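Read the structure below first, then the notes.
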Protein chains: 2
Amino acid sequence: MTKRRYYTITELTAEFGITTRTLRFYEDEKLLNPERQARKRLYTPRDRTRLKLILRGKRLGFSLAEVREIIEMYDHAPGERGQLEKLQGRIAERQAELEQKQKDILETLEELNQVNSSVQQRLNELK
Amino acid sequence: MTKRRYYTITELTAEFGITTRTLRFYEDEKLLNPERQARKRLYTPRDRTRLKLILRGKRLGFSLAEVREIIEMYDHAPGERGQLEKLQGRIAERQAELEQKQKDILETLEELNQVNSSVQQRLNELK
DNA sequence: TATGCATTTTACGTAAACGTCAATTAAATT
DNA sequence: AATTTAATTGACGTTTACGTAAAATGCATA
């Protein structure tokens, strides 16, 4: 017996903690492309992978439009030199953005640590 | 001559690439508290620092409500044991969130690197 | 067969985060 | 004094990302 081929809409909502509305919305936005069995949606492993990419992008603060661009990079067609070079440019931009976010995170974590220390000290003083 | 004490609204919009509307909106939301000289806003270094925190939070995908909570952690009043412990709990939550974002970023950077490599290889093959 | 349950489609609603006027007002320059 | 320039205060508009309610459909079970 081979791997499951399809996921139902409720399986995905349960696995990722999202609503059916969200899944249908992403489909309207052409981010997902579930097949149909009569009227029911059947999500493929590819849909599930894309969904993970979408949710990860959202966690990082990307809009759906940005998520779409990033996913399109993954799916890029072979293309000619000019296209490929443009693609590299866009990749570099996203990488720079992500590196900025890394810095932002490190700063924030550091500050939260400092707050935590001062709170801890206050707690120690309280007996 | 000591350090500048105030920033005008246009100085801040220029420095951070935002609009006056945004600054007034943050003020309505009680995130900033500029003084007034007649009707004109005079932003203090403290306002500027908070603005930086706001913009950094936004880059990380936090909503203004979340940014507000984070800033309030920085500004927390001394408080009693129960309060302090709750604060530590909230700090831990935010830290976990940020660590998840770090993982998400590393994964995304790795994937973008892979795409970049395959694009580069294609370019090399094109002569 | 009737009934319940999940799913679908349609469509209006909503919260967040500003954008974009329009109508003052004040300060600075001619 | 007249005029340009910068800032302010409403207030309605817009986009994004779904929420939510209603009505129809289809499968499963009592």
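In what follows, every heavy atom counts, from backbone to side chain, and hydrogens, waters and symmetry copies are set aside. Residue numbers start from 1 in every chain, and the chains themselves are labelled A, B, ... in the order their sequence lines are given, proteins ahead of strands. Nothing here was measured: the structure is a model prediction, and the numbers come from that model.
Hydrophobic cluster membership differs between B/Ile91 and A/Leu106, with clusters built from Ile, Leu, Val, Met, Phe, Trp and Tyr side chains linked at under 4.5 angstrom. Hydrophobic cluster membership is shared by B/Tyr74 and A/Ile105, with clusters built from Ile, Leu, Val, Met, Phe, Trp and Tyr side chains linked at under 4.5 angstrom.
If you take CZ of B/Arg68 and C1' of C/dA15, they are 14 Å apart, rounded to a whole angstrom. To the nearest angstrom, P of D/dT15 lies 23 Å from CZ of A/Phe62. In this structure, A/Gln37 atom CD and C/dA6 atom P are separated by 17 Å, rounded to whole Å. Look at CG on A/Leu42: it is 17 Å from P on C/dA6, rounded to the nearest Å. The OH atom of A/Tyr7 sits 21 Å away from the C1' atom of C/dA6 (whole-angstrom rounding). Rounded to whole angstrom, the span from the CZ atom of B/Arg39 across to the C1' atom of C/dA28 amounts to 17 Å. The separation between B/Ile54 atom CD1 and C/dC18 atom P is 10 Å, rounded to whole Å. Following rounding to the nearest Å, B/Arg59 (CZ) and C/dA17 (C1') show an atom-to-atom distance of 17 Å.
Under the salt bridge (charged side-chain N to carboxylate O under 4.0 Å, His left out) criterion, the residue pairs touching residues 110-120 of chain B are A/Arg56-B/Glu111, with sequence neighbours excluded.
Between A/Arg122 and B/Glu85, none of the side-chain N atoms (NZ, or NE/NH1/NH2) sits under 4.0 Å from a carboxylate O, so this pair counts as no salt bridge.
No hydrogens or angles considered: nothing links the side chains of B/Asn116 and B/Gln120 as a donor-acceptor pair under 3.5 Å. For the residue pair B/Thr13/B/Thr10, the side-chain donor-acceptor check at 3.5 Å is not satisfied.
For DNA chain D, the residues of residues 19-32 of chain A within the heavy-atom distance limit of 4.0 Å (strictly under) are A/Thr19, A/Arg21, A/Thr22, A/Phe25, A/Tyr26, sorted by number.
Of the side-chain N and O atoms in B/Thr8, none sit less than 4.0 angstrom from OP1 or OP2 of D/dA6.
With sequence neighbours excluded, no residue forms a side-chain contact (heavy atoms from CB on, under 4.5 Å) with B/Asp28. Under the side chain to side chain donor-acceptor pair (under 3.5 Å) criterion, A/Asn113 pairs with B/Gln95, sequence neighbours left out. Residues satisfying the side-chain contact (heavy atoms from CB on, under 4.5 Å) criterion with A/Glu29, sequence neighbours excluded, are A/Phe25, A/Leu31, A/Arg68.
Considering only the side chain of B/Arg36, D/dT8 comes nearest among C/dA17, D/dT8, C/dT7.
Mapping B/Lys58 and A/Arg41 onto DNA chain C via the closest heavy atom, the residue that lands nearer the 5' end is A/Arg41.
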Between N or O atoms, less than 3.5 Å apart, protein on one side and nucleotides 27-29 of chain D on the other: list the pairs.
none

